[in-house]
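To start, the structure under review is shown below, and the notes come after it.
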Amino acid sequence: MRREFNVAIVGATGLVGQTMAAVLEERRFPVKHLRPLASARSADTVLPWKGNTYTIEEAKENSFAGIDIALFSAGTEVSRQLAPEAARAGAVVIDNSAAFRMDDDVPLVVPEVNPKDVEWQRGIIANPNCSTIQMVVALNPIHKANPLKSVVVDTYQSVSGTGSAALTELRTQARLMLDDKEDQFKPEVYPHPIAFNLFPHIDVFLGDGYCKEEWKMIHETRKIMHLPDLRLAVTTVRVPVMFAHSEAVHIGLTKEMSPEEVRAILRDAPGVVVQDDPQVAIYPTPLSAAGRDGVFVGRIRRNDVLPNGLSMWVVSDNIRKGAALNAVQIAELLWQRGII
């Protein structure tokens, strides 16, 4: 008889938390008992799951007795407060916030890239930033065949990465602007209007001119791929798209490689779907990637700027692969490797 696990979802009412529950069901993860947890204001509401309804409890320090796996997606402050408590209670925490990603004692895991890192966990495993996840899934197969020397990436990130309020703000602003009523709204989630607009600003700005999202992509990529000296330049941009992040990725390699070789490598890579025939307008788009699990790659071509340079276009659903699916895949690794 296969083992079943008691699973808690912290932040069960949010976009990612709800998707975590859906992915657990879709992938038939062996859940014996599900414990949905959230803030006090969401307590006593219900979460439909597998034909039943589960009452959501307030997440507290004593909420994790008997829990084997705790999936966290409730923000950095909650994770810092409660994740250590869950680990002390015997659960393995898979945390979607930035709270522990750069801690030396916490593995930062993308299952297609560094699955062995789950083996040295000490109760907490960090789920990387969504924009980092899709990029390293696409880069790692190429790197294994031809080591990376440098990466330049510009992102086009959907508003769902900010949460439900940002989705509402985009919808509201778009309707008002189409009705010539721009004067009736004031941006609340973002510093500028997002409808029919974009801005190169995700998270706070740091002292060196980079914003924190860019810092995350640089340092998380180095940690996940075990490449501490990899050179990266990143610009992150918020765009008026509901779901799925897009990235223009330019790489410099150790030796020359043709686009045809890269396509062949990526077609065999786990988690990657190649969509690359631009002559008939076949390439990834956010609309086609939304709601799907893959990392979609197209527009693979040479560039003459970086040594042995190649460029490509990478798109993935930031709520699914960029958060919920990656977390559940980590749980599957723990189960398959007998760690839990």
Side-chain angles (χ1 to χ4, degrees), residues 7-20 35-40 42 58-64 67-111 113-114 117-118 120-134 136 157 160-164 166 202-206 210-225 234 236 318-319 321-331 333-334 339-340:
V7 178
I9 300 177
V10 182
T13 59
L15 279 176
V16 174
Q18 293 179 57
T19 308
M20 284 173 168
R35 184 176 300 167
L37 303 168
S39 65
S42 297
E58 182 181 355
K60 299 179 180 178
E61 293 180 355
N62 61 355
S63 295
F64 303 98
I67 294 297
D68 302 300
I69 301 168
L71 304 175
F72 271 66
S73 188
T76 298
E77 184 177 341
V78 172
S79 291
R80 285 179 177 154
Q81 178 186 354
L82 296 182
E85 297 297 330
R88 277 192 282 271
V92 177
V93 172
I94 302 170
D95 180 45
N96 195 54
S97 81
F100 307 103
R101 288 176 184 160
M102 298 313 300
D103 285 13
D104 291 339
D105 294 334
V106 175
L108 183 65
V109 176
V110 177
V113 179
N114 59 330
D117 284 0
V118 299
W120 55 269
Q121 58 82 26
R122 299 179 183 178
I124 299 175
I125 299 172
N127 207 32
N129 187 44
C130 49
S131 50
T132 304
I133 289 173
Q134 68 188 67
V136 298
Q157 296 182 222
S160 56
T162 313
S164 298
I202 299 178
D203 212 322
V204 297
F205 277 101
L206 307 175
Y210 280 80
C211 62
K212 196 169 183 181
E213 185 83 354
E214 294 159 351
W215 185 95
K216 290 175 188 176
M217 289 189 71
I218 292 168
H219 294 280
E220 290 179 17
T221 298
R222 289 170 176 165
K223 181 175 180 178
I224 295 162
M225 297 186 71
V234 182
T236 56
N318 53 296
I319 300 297
K321 179 53 185 170
L325 173 62
N326 201 76
V328 173
Q329 287 178 300
I330 293 170
L333 278 177
L334 295 169
I339 296 171
I340 55 172

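Note that the coordinates shown come from a computational prediction; the quantities given were computed from them, not determined experimentally.
For the pair T132 (side chain) and P128 (backbone), a donor-acceptor distance under 3.5 Å is absent. The main-chain N or O of T236 is found under 3.5 Å from a side-chain atom of E214 such that the two form a donor-acceptor pair. A distance-only check finds no donor-acceptor pair linking the side chain of S63 to the backbone of A59 [under 3.5 Å].
Nearest heavy atom pair, residue L15 against residue S164, reads CG-OG, 3.6 Å. Of all heavy-atom pairs between F100 and K223, the closest is O-NZ, 4.5 Å. In plain terms, the two heavy atoms of G322 and N96 that are nearest each other are O-OD1, 4.5 Å. Counting all heavy atoms, side chain and backbone alike, L206 lies closest to W215 at CD1-CB, 3.7 Å. Closest approach of V106 and A126 over heavy atoms only: CG1-N, 3.7 Å. Between D95 and S97, the shortest heavy-atom contact is OD2-OG, 2.7 Å.
A side-chain hydrogen bond (donor to acceptor under 3.5 Å, both in side chains) with N129 is found for one member of K212, E213, K216, Q134 and no other, namely E213.
Side-chain contact between L333 and Q329 is absent, with no heavy atoms from C-beta onward closer than 4.5 Å. Between I69 and I340, the closest side-chain pair of non-hydrogen atoms falls below 4.5 Å. The side-chain heavy atoms of N127 and I330, taken from C-beta on, include a pair separated by under 4.5 Å. At a threshold of 4.5 Å between non-hydrogen side-chain atoms, the residues D68 and V7 do not count as touching. Residues N326 and V110 have side chains in contact (heavy-atom distance under 4.5 Å, counting atoms from C-beta outward).
We find the CG-CZ distance between D105 and R122 to be 4.5 Å, quoted to the nearest 0.5 Å. Put simply, CZ on R35 and CD1 on I67 are 4.0 Å apart, with the number rounded to the nearest 0.5 Å. From I94, atom CD1 reaches atom CD1 of I125 across 5.5 Å, with rounding to the nearest 0.5 Å. Taking CD1 from I319 and CD from Q18, the interatomic distance works out to 10.5 Å, rounded to the nearest 0.5 Å. Separating the CD1 atom in I224 from the CG atom in L108 is a distance of 4.0 Å, to the nearest 0.5 Å.
Not counting sequence neighbours, the partners of A166 by the side-chain contact (heavy atoms from CB on, under 4.5 Å) test are V159, T162, V189, Y190. A search for side-chain contact (heavy atoms from CB on, under 4.5 Å) contacts involving S39 returns R41, S42, not counting sequence neighbours. Every side-chain contact (heavy atoms from CB on, under 4.5 Å) that D117 has, sequence neighbours left out, goes to P107, V109, N114, W120, H226. Here R101 pairs with E220 under the side chain to side chain donor-acceptor pair (under 3.5 Å) rule; sequence neighbours left out. With sequence neighbours left out, the side-chain contact (heavy atoms from CB on, under 4.5 Å) criterion links Q81 to E61.
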_Checking N318 against S131 for the side chain to side chain donor-acceptor pair (under 3.5 Å) test, could you report, in this order, the C-alpha distance in whole Å, the side-chain angles of both residues, the deciding distance, and whether it holds?_
CA-CA 7 Å; N318 53 296; S131 50; over 6 Å; no
_Would V16 and F72 count as a side-chain contact (heavy atoms from CB on, under 4.5 Å) here? Give the steps._
CA-CA 9 Å; V16 174; F72 271 66; over 6 Å; no
Show which side-chain atoms of residues 82-90 pair as donor or acceptor with protein atoms under 3.5 Å away, not counting sequence neighbours.
| from | atom 1 | to | atom 2 | distance (Å) |
| --- | --- | --- | --- | --- |
| E85 | OE2 | R88 | NH2 | 2.8 |

